[in-house]
Visitor: 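Please find one structure pasted underneath; my questions will follow.
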Amino acid sequence: MSSPPIGVVWFKRDLRTHDHLPLEKACAAGPVLPLYVLEPGLWREPDSAQRHWDFIAESLDELSDDLMSLGLPLCVVEGDISNVFSRIIACLGPITLYSHQETGNAWTFARDRRVSAWCRKHRVSWHQCRQQGVVRGLGQRRGWVGQWEALVEAPLASPSPASPPAGWKGLPCLPREQWRWRALGVGREACPGRQPGGRRAGLATWRSFLAGRGERFHRDIGSPERARNAGSRLSPHLAWGTLSLREVVKELRLARSERRGEAEWGRALAALESRLHWHCHFIQKLESQPDLEHQTMHPALKGLREDPHPERLAAWCDGRTGVPLVDAGMVALRETGWLNFRMRAMLVSFATFGLGLPWREPALHLARLFVDYEPGIHYPQVQMQAGLTGTNALRVYNPLKQADERDPQGRFVMRWLPALAGLPEAWRQRPWALPTAERAKLGFVPGRDYPLPVHDFEAESRRWKRIIHDARQTPEARRDSDVLLDRLSSRRGTRHRRRVPPTSPQLSLFSEPDQETS
């Protein structure tokens, strides 16, 4: 009687053993080889960054320890994925491949198609499981919410101990010291204040939210300063899979039940649950329209912004636009890898409306800075804030208005732009307007001690808002908007309703229509 094929569990954006259905299925079937492949091609992509790998590497450290508690090693291999699988077969014999579905960038989409072709050629069964509320091959969104509920309500997966295949040590598995400190990714900016990777850090963050941090979630998430404490801060752990969406939703619903009658907590937890729902809604958009990473979503709005304005782009990327809230947001993001929703939305809006930049390069720059980079959320949301979906109201964020509302004392600006810390409160957000007498008294010279604005961003914003508004009004553009709504918008029932989805957002980048994220 022949032995069962070796179960190869391919880890990608699911760096945990808890609630890991592919691992559960493989452990129930026979010998298991847990595998993570360090793919050089992926790390040469323009959206990759060292901070991503550092978070992943810390998570792999803990994943390795957790797998050992199940009796399994973690094999980290570097190379092209098809060559890696071929070498495993040559060393161990027939395999069955298990993994979670991934809605990643265009590179991983093409990679998975190559893996699918390789599996057909070598007669390898590939079992892909859902871990997000994303439905493959979905033509339109009627009934999608019900499928999301069914997924999150299903029991959590619980892998059982298993044995590794005999001969696995003959594989070219890298020791920790050879991958832990690797230099990878196009973006190499240091990120000293980023959140640490690993499941234990994710659980500690979640527990501290439920224990007290989260009570003002719904009130403070709009503040660039207070949101760092009041936000859930789960986004990197959901993006790289050290926590599962389902376990978080289940614990959140339990907490809502236990805190019934506590008004503040009730509102805070309800607000977070809605954001977890929209987390998957946006990933579904990229799953249904993969070219959103490279192509403008709405046909009528393609090609409107073509001038790359390299000087403006460089000033925006470097945090020296001369607009304090914009620059402080960029510096904070560079140093910590995280910003709240309002600041992320404002950065994109300022780049595309205020500076007239095409959306693609700002999107890539932000992708490299976000430790919680999730392509399925990132690209649809960048396009929405750039006004290019054609199905959402145009929301152009004026950084001066946002500063007055969200950072009225300039505390966030002072923290990240120390050159402005000595200015009176009234001028911290508008240093270019500092009166002459104040300049002399303070020894502060706009243009010398802090940059002057690189452009008349208010006039530019009005111009682009008018251009995009007009382009959306043609009969052809309206028809295209209807098509996009039918394919990409979530509806609770089965009847078609031409409208923007109800207010509830996601977790990693911005929100739809105008809510905050954690």
Side-chain angles (χ1 to χ4, degrees), residues 49-51 187-196 220-231 233 235-236 312-351 354-355 362 365-373 385 397-434 442-455 457 508-510 516-518:
Q50 182 70 47
R51 59 188 62 193
R188 294 293 174 85
E189 294 93 343
C191 193
R194 70 169 173 84
Q195 291 177 247
D220 289 348
I221 195 63
S223 164
E225 191 70 12
R226 296 192 301 276
R228 290 186 178 273
N229 181 67
R233 307 303 304 275
S235 53
R312 297 181 194 177
L313 175 64
W316 180 83
C317 291
D318 295 342
R320 50 179 179 82
T321 67
V323 182
L325 192 64
V326 173
D327 295 343
M330 192 63 78
V331 173
L333 181 56
R334 186 169 63 232
E335 294 295 311
T336 70
W338 186 88
L339 277 178
N340 68 324
F341 151 74
R342 185 71 57 165
M343 292 300 99
R344 298 186 188 208
M346 188 267 296
L347 285 180
V348 175
S349 178
F350 185 84
L355 299 179
H365 182 72
L366 291 176
R368 292 188 292 267
L369 293 183
F370 290 152
V371 172
D372 56 14
Y373 170 51
Q385 298 303 330
Y397 288 77
N398 185 321
L400 300 181
K401 182 175 183 292
Q402 293 299 312
D404 291 341
E405 293 178 353
R406 306 291 173 171
D407 190 33
Q409 288 80 42
R411 291 172 181 167
F412 179 74
V413 163
M414 286 194 299
R415 177 177 179 180
W416 298 106
L417 301 176
L420 302 179
L423 297 189
E425 183 178 301
W427 306 109
R428 285 172 195 154
Q429 305 288 3
R430 298 166 175 82
W432 60 84
L434 185 69
L442 298 170
F444 181 90
V445 179
R448 183 196 70 185
D449 300 308
Y450 180 73
L452 292 169
V454 297
H455 191 61
F457 60 90
S508 216
L509 184 52
F510 315 118
E516 314 297 350
T517 70
S518 57

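Note that this is a predicted model, so its numbers are computed, not measured. Counting begins at 1 with the first residue of the sequence.
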Visitor: Could you tell me if the side chain of Val371 sits less than 4.5 Å from the side chain of Gln195, heavy atoms only?
Guide: no

Visitor: Measuring from Arg368:CZ to Arg188:CZ, what's the distance to the nearest 0.5 Å?
Guide: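 If I round to the nearest 0.5 Å, the distance is 12.0 Å.
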
Visitor: Please name the pair of heavy atoms, one in Pro324 and one in Leu417, separated by the smallest distance, quoted to 0.1 Å.
Guide: O-CD1, 3.4 Å

Visitor: Flag the pair Val348 / Tyr397 as yes when at least one side-chain heavy-atom distance between them is below 4.5 Å, and no otherwise.
Guide: no

Visitor: Answer yes or no: is there a side-chain heavy-atom contact under 4.5 Å between Leu369 and Leu339?
Guide: no

Visitor: To the nearest 0.5 Å, how far apart are CG in Asn340 and CZ in Arg226?
Guide: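 The CG atom of Asn340 sits 10.0 Å away from the CZ atom of Arg226.
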
Visitor: So which atom in Pro236 and which in Asp372 form the shortest heavy-atom distance, rounded to 0.1 Å?
Guide: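 That would be N-CB, 3.4 Å.
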
Visitor: Apply side-chain contact (heavy atoms from CB on, under 4.5 Å) to residues Phe350 and Gln385 and explain how you reach the verdict.
Guide: CA-CA 9 Å; Phe350 185 84; Gln385 298 303 330; over 6 Å; no

Visitor: Could you pull out the closest heavy-atom pair between His455 and Gly354, with the gap in Å?
Guide: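 Minimum heavy-atom separation between His455 and Gly354: CD2-O, 3.6 Å.
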
Visitor: Quick one, Tyr373 and Leu366 - any side-chain contact, counting heavy atoms below 4.5 Å?
Guide: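 No, too far: nothing below the 4.5 Å cut-off.
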
Visitor: Do the ring planes of Phe457 and Trp432 sit parallel (below 30°), tilted (30 to 60°) or perpendicular (above 60°)?
Guide: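 Judged by the thresholds at 30° and 60°, the geometry between Phe457 and Trp432 is perpendicular.
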
Visitor: How long is the span from the OG atom in Ser223 to the CD atom in Glu405, to the nearest 0.5 Å?
Guide: 12.0 Å

Visitor: To check you understand the geometry: which heavy-atom pair defines the closest contact between Gly337 and Cys191, and what is its length?
Guide: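 Smallest interatomic distance, heavy atoms only, reads N-SG, 3.5 Å.
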
Visitor: Compare every heavy atom of Gly231 with every heavy atom of Ile221, then report the nearest pair and how far apart it is.
Guide: CD1-CA, 3.7 Å

Visitor: Quick one: closest heavy-atom pair of Leu442 and Gly422, and the distance?
Guide: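 Nearest pair, atom of Leu442 first, then Gly422: CD2-O, 4.0 Å.
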
Visitor: Once you round to the nearest 0.5 Å, how far does CD of Glu425 lie from CD of Gln409?
Guide: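 Glu425 atom CD to Gln409 atom CD measures 5.0 Å (nearest 0.5 Å).
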
Visitor: Under the salt bridge (Lys or Arg N to Asp or Glu O under 4.0 Å) rule, what pairs show up with a residue in residues 409-424, not counting sequence neighbours?
Guide: Glu225-Arg415

Visitor: Would you call Asp407 and Arg428 a side-chain contact if the rule is heavy atoms closer than 4.5 Å?
Guide: no

Visitor: How far does CG of Leu325 sit from CD of Gln402, to the nearest 0.5 angstrom?
Guide: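 Rounded to the nearest 0.5 Å, the CG-CD separation comes out at 7.5 Å.
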
Visitor: I want to check something: taking the side chain as every heavy atom from C-beta on, are Arg406 and Phe412 in contact at a cut-off of under 4.5 Å?
Guide: no

Visitor: Using 0.5 Å steps for rounding, measure from the SG atom of Cys317 to the CG atom of Leu347.
Guide: 10.5 Å

Visitor: Side chains of Asp404 and Gln429: any donor to acceptor distance under 3.5 Å?
Guide: no

Visitor: side-chain contact (heavy atoms from CB on, under 4.5 Å) for Leu420 and Trp427? Distances and angles first, verdict last.
Guide: CA-CA 9 Å; Leu420 302 179; Trp427 306 109; over 6 Å; no

Visitor: How would you list all residue pairs meeting side chain to side chain donor-acceptor pair (under 3.5 Å) that involve residues 316-331, not counting sequence neighbours?
Guide: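 Matches after skipping sequence neighbours: Asp318-Arg320, Thr321-Asp327, Asp327-Tyr450.
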
Visitor: Sub-3.5 Å donor-acceptor pair from the side chain of Asp220 to the main-chain atoms of Ala230, do we have one?
Guide: no

Visitor: Apply side-chain contact (heavy atoms from CB on, under 4.5 Å) to Arg228 and Arg233, showing your working.
Guide: CA-CA 8 Å; Arg228 290 186 178 273; Arg233 307 303 304 275; 4.0 Å; yes

Visitor: Between Thr336 and Ala332 (side chain of the first, backbone of the second, donor and acceptor by atom type, cut-off under 3.5 Å), is there such a pair?
Guide: yes

Visitor: Is there a donor-acceptor pair under 3.5 Å between the side chain of Arg51 and the backbone N or O of Arg334?
Guide: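 Pair found, side chain donor or acceptor close to backbone of Arg334.
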
